[in-house]
Structure formats: C-alpha cells, structure tokens
Amino acid sequence: MKTHSLYGILFITLFCQLIHAQTISMSEFFGSVQKTHPFFVKESLSAEIETKGQERFLGAQDWLVRSSPYFLYQKPISAGAFYPEEITMVGGGIALEKVFWSTGGRLSLSWTSDYTDQVIPDMVIPIPPEDVVIPAGPSKIYTNKVYLTYSQPLLQNFRGKLDRLEYELRQYNIDFAEIQALENQEGFVLNLGIRFLDWVLLSEQGRIARERMALAGEQLNQIERRWQANLVEKVDVLRVEDAVRIARQGIVLIESHWKAKQAELAVLAQAQELYNLGPEYDMYTLETLPEPDEAVLQLREKSRILKALHVRREQLSHLSEGFIETKRPQLYLSIGAGLQNGDEEFGSSFNLDRPDVLVALDFRYPLGNRTARADIAKTELELKQIDKDIENIALELEAGVKNLLILIKEMEKVLVLNQEQIESAKAKTEEEIRLYAQGRSDLTFVIQSQDNEEVAKLTYAENAVTYQKLVLQYHALMDELLYQ
C-alpha cells in the first residue's frame, strides 16, 4: 500500500470526526421532539376533548324557551243541554324554564293565550203560549294567563345531587385523560431515548473503529519502512494492509447505520439541523439509584398508573353515591301562582285580575326499588374489582422496579469486568508488540491482539448502552423521564 493510502485513512478519520463535532444532547433532542411531533399534540388534546364533553352537561342549566301553539276543531257527542255542538279553539303559550343545580329545583314562567268559539244551542222550555228560551251564554271568549311555578325536591335530588352527577363524573374522565396522556408521552419519550442511545452506541463504535484504523495505518507505515529496509517479510505488509481494509469496511458499515439513525431521529424531531449534529451523551457514567425498597415506596406514592386507577375508583365511588341517592323516595313541593282573565272582548281579556294559586306535594316511591338496588350492588362489586386491580398493578410495579434495579446493579459489575478486560487486552497488545519488535513473535499475533482490544472496547460500549437503557427504563417506570 502506498503512502497516499495512509493519507486517505487519515482523511477519513478526520472527516468522520468533523461531521460529529457539533452535537445535541438527549434532553435537547427530547425538547425538540416535544415541540414538533404530532404525537404530543394528539395526547394534549385528550383532556381538552373530555373537558368539552363535560361542558355539554352545563346546558342543562340554561334557560329553556318553550312554545306550544295549537288549533282544535271538534264536534263532540251531545250529552245534554248547554253542551256545545261544535268547538273551535286557537291558542298558544310561551314559557321560560330553568333548572337550578344548587337546589335541584325547577322554575317556570309561562304565558298562555287562547280563543274559543263554540256553538252552544239555547235551552228551549215549551211553556204556552210561547216557548221560554234560556240563552246558553257567550259562544266566543278570549282568555289570557300568566303563571309562575317552582318545584323543589325534598328527598331525592335534594340540592341537585343527581342533576350535577353526570357533570361531576366527567371531571374524573378529564383527570384520567391528563394522567393517561402523560403516561403515553413518557412511553413515547422512552422509545425516543432508546433510539437516541442506539445512535450514541453507533457513534462510540465509529470512534473505536476509527482508532483501530488509525492504529493500523500507523502500523502499516512502520511495516512498509521496515520492509523497504529488508527487516520484515512482504507477508507482514500484506497482513497489515488486510487489517486496514477490514477496519475501513467496519467504519463504512457503522457510518451507514449512523447516518440512517440520524435521519430517523431528524424526521421524528422535524429538525433539519439534526443532519449536521452528532449525539452528546456520556454513556460510561454510572448513576446512583435508590435501594429497591426505597424505590418501591416512591413508586407507590407517585406512580401515574396507580393514580389513574385511584381516579377510576373515586369515580365509581361517586357514581355509587348517585345510585344511593336514586334509592331515596321522590318528594316534590310545588308552588304556583298566577293571574288570569277571560272576556268576549279581546282587549278586556288582558285585565288579569283573577288569581290562581297552587301548593302541592308529589310523592313517588317504587315498591322494591330493584333498579337502584341492582345499580348499587353492581357498583360495589366494581369497587372491589378495582381495589384488587390496584393491588395487582402495585405488585407488578414493585416487581418491575426491583427487577430493573437488580439488573442495573449487576450490569455495573459487568462494566467493571469490561474495563479490566480492556486493560488486560491493552497489556497483551503491548507485550505482543514488544515480542514482535524483538523478532520473538509473529505479526499475526500483534494484529489479533489489537483486534481483541477493539472487541473488548466494543463490548464495553455495548454493555454501557445496555446499562443506560436500563436506567432510562427505570426512570420511565418511576415516572421521572419527562423531567429528566
């Protein structure tokens, strides 16, 4: 291999280092994705959708305008004197109604107006010499009435408990949606973090491979000079050239995977500038984590999954209170008062001077009340079920966090062994180089030792990234990843 080949090796090494010079940290990458990726927008809309779903129930408190115009024509069956032979009625009414959630009462203010035209035959009494005719009265009359009523529940739905029930239950859906959105976002961030660590590993693999190729290049330069001085055989030159080619192939392969991962993350982050950046992450730093029992206590206190289940439990408990309310008897106190008048003259019918007052009690109670009893029993069973579900999930979380912490601790031991292996490989390489320089060993053993040293470094890097992924999973399980 000529000298310019060595320059080519050095150029490739320097070029690879330059394209990785500008970096982006994991937290910066997370921040970029959270600002641009549609997943986070989608999840943030979940609580808003539930909020709008809750607001629709506020419409039950709106004033309601009711209108009821009508027309009636009838020829009734005659039942005796003064009974109309024909009736024509035209009328209508308008009313304003409102429900008060604070009391459970209903208020109604109405106005009715109608016109009645009926044909009523006069009564004729045959008394000689002339029949006596008794007039049946006016056949046309205008009536008007204004009325105000208020109905107040005294037992069931007192203070509007049932009126507000559906609205209050929807608040739990909002709380649940907010928790679920955060949990989904954290799972998404965990996936992004694992991909980012894969990118970090590729960068480290590339760095190790470039070091190996630079070392092989220097070694080739030395062997070529020694061969030209007839100190070594041509086969040694060929062996080192082969090592350089293998190292170069490894770099090209790693760089292709590195660029593919870079493009993948750039698309996810919707950031073109990521194509000019490399990952910044200290993959060899170990993190101090709490003991398993302490971590379990923290997890039980702040786990979003457990919080979501507790929200569902509170919702069921509130629903059960509503069903208990429906079990109570219905007793309504209704008070009404109004003024009315009727007259043959349209204008005079508006002189509302005739009072109309009503006070009434309405009592209703289904014997057996099986519907309410069944609803209450069903909800109690669902509460027991969700209590067991909470216990089950708590155990699953405890098992998961202990599993991760044990794996992390054991992986730390593996990393220590990897470091020892690297030091051992370095010492062996130095010894093989010394023996070869003294002519007491073959170059093949030197190259093999250098390759083993590279493999040890790569193994260390892979295990370090595995360790970081486990730590990332731990923070996700502890609901800490969104705050890293």
Side-chain angles (χ1 to χ4, degrees), residues 5 8-33 36-37 39 187-217 241-285 411 414-415 418 421-422 425 447 450-473 476 481:
S5 299
I9 295 171
L10 295 175
F11 174 77
I12 292 175
T13 302
L14 291 173
F15 176 74
C16 293
Q17 290 174 346
L18 286 173
I19 64 173
H20 299 170
Q22 293 179 310
T23 60
I24 180 172
S25 67
M26 182 183 286
S27 59
E28 290 172 339
F29 173 68
F30 286 165
S32 178
V33 174
T36 59
H37 201 282
F39 178 84
F188 189 79
V189 168
L190 173 61
N191 181 268
L192 291 176
I194 290 175
R195 297 187 190 190
F196 189 89
L197 287 174
D198 289 336
W199 194 28
V200 172
L201 177 59
L202 288 169
S203 294
E204 183 65 7
Q205 288 174 335
R207 184 190 68 80
I208 295 170
R210 288 191 296 273
E211 285 182 355
R212 178 70 182 93
M213 189 174 74
L215 180 62
E241 286 179 348
D242 190 47
V244 170
R245 278 191 292 270
I246 292 173
R248 182 184 296 176
Q249 290 173 15
I251 290 175
V252 173
L253 182 61
I254 291 171
E255 284 296 323
S256 64
H257 287 290
W258 188 92
K259 290 177 181 178
K261 184 61 66 174
Q262 180 191 51
E264 175 187 334
L265 298 179
V267 171
L268 290 174
Q270 291 293 289
Q272 290 294 319
E273 61 272 16
L274 204 65
Y275 286 102
N276 301 318
L277 302 176
E280 178 187 346
Y281 193 90
D282 189 354
M283 56 188 289
Y284 298 111
T285 298
M411 186 57 68
V414 172
L415 293 176
N418 289 152
Q421 184 181 7
I422 292 172
I447 295 174
Q450 290 171 337
D451 290 339
N452 288 340
E453 186 179 340
E454 181 187 16
V455 169
K457 291 179 180 178
L458 290 173
T459 302
Y460 181 42
E462 291 169 359
N463 288 337
V465 165
T466 300
Y467 170 85
Q468 297 298 338
K469 288 181 179 180
L470 290 172
V471 171
L472 208 62
Q473 292 173 29
L481 194 55

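In this chain, numbering begins with 1 at the start of the sequence shown.
- Looking only at distances, a side-chain donor or acceptor of Gln468 sits under 3.5 Å from a matching main-chain atom of Met283.
- Between Tyr281 and Phe196, the ring planes lie perpendicular to each other; the angle is over 60°, past the 30° to 60° tilted range.
- With Gln22 contributing its side chain and Leu277 its backbone, the two residues share no donor-acceptor pair below 3.5 Å.
- The line from CD of Glu462 to NZ of Lys457 is 14.5 Å long, rounded to the nearest 0.5 Å.
- Distance check, rounded to the nearest 0.5 Å: CG of Asn463 to CG of Leu458 gives 11.0 Å.
- One finds a salt bridge joining Lys261 and Glu264 here, because a Lys/Arg side-chain nitrogen approaches an Asp/Glu carboxylate oxygen to under 4.0 Å.
- Between Trp258 and Ser203, the shortest heavy-atom contact is NE1-OG, 2.6 Å.
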Exercise for review: Evaluate side-chain contact (heavy atoms from CB on, under 4.5 Å) for Leu197 paired with Met26, printing each intermediate quantity in order.
Suggested key: CA-CA 9 Å; Leu197 287 174; Met26 182 183 286; 3.8 Å; yes

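- Here His257 contributes atom NE2 and Leu201 contributes atom CG; the two are 11.5 Å apart, rounded to the nearest 0.5 Å.
- Thr23 and Glu280 share a side-chain donor-acceptor pair at under 3.5 Å.
- Between Tyr467 and Val414 there is no side-chain heavy-atom pair separated by less than 4.5 Å.
- In terms of heavy-atom proximity, Gly217 sits nearest to Val244 at N-CG2, 4.1 Å.
- A donor-acceptor pair under 3.5 Å links the side-chain atoms of Thr459 to the main chain of Val455, judged by distance alone.
- For the pair Phe30 and Leu192, the tightest heavy-atom approach, listed with the atom from each and the gap, is CE2-CB, 3.9 Å.
- Arg195 is listed as a side-chain neighbour of Leu268, based on a closest heavy-atom distance under 4.5 Å.
- Closest approach of Ala476 and Leu190 over heavy atoms only: CB-CD2, 4.0 Å.
- Phe29 CZ to Leu265 CG: the interatomic distance, rounded to the nearest 0.5 Å, is 4.0 Å.
- Separating the CZ atom in Arg248 from the CG atom in Leu253 is a distance of 15.0 Å, to the nearest 0.5 Å.
- Thr36 and Ala269 make their closest contact through OG1-O, 2.7 Å (heavy atoms, listed as atom of the first residue, atom of the second, distance).
- Salt bridge Glu211/Arg207: present, at least one basic N to carboxylate O contact under 4.0 Å.
- Put simply, the side chain of Gln450 does not reach to within 4.5 Å of the side chain of Glu454, judged on heavy atoms.
- With sequence neighbours excluded, the residues satisfying salt bridge (charged side-chain N to carboxylate O under 4.0 Å, His left out) with Lys469 are Asp198.
- Shown here for Ile208 and Ala461, the closest heavy-atom pair between the two residues is CD1-CB, 4.3 Å.
- Counting heavy atoms from C-beta outward, Leu202 and Gln205 have side chains that approach closer than 4.5 Å.
- Here the side chains of Arg212 and Asp451 are in contact, with some heavy-atom distance below 4.5 Å.
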Practice item. Report the C-alpha distance between Lys259 and Glu255 in whole Å, list the side-chain angles of each, state the deciding distance to 0.1 Å, and finish with yes or no for salt bridge (Lys or Arg N to Asp or Glu O under 4.0 Å). Key: CA-CA 6 Å; Lys259 290 177 181 178; Glu255 284 296 323; 5.2 Å; no

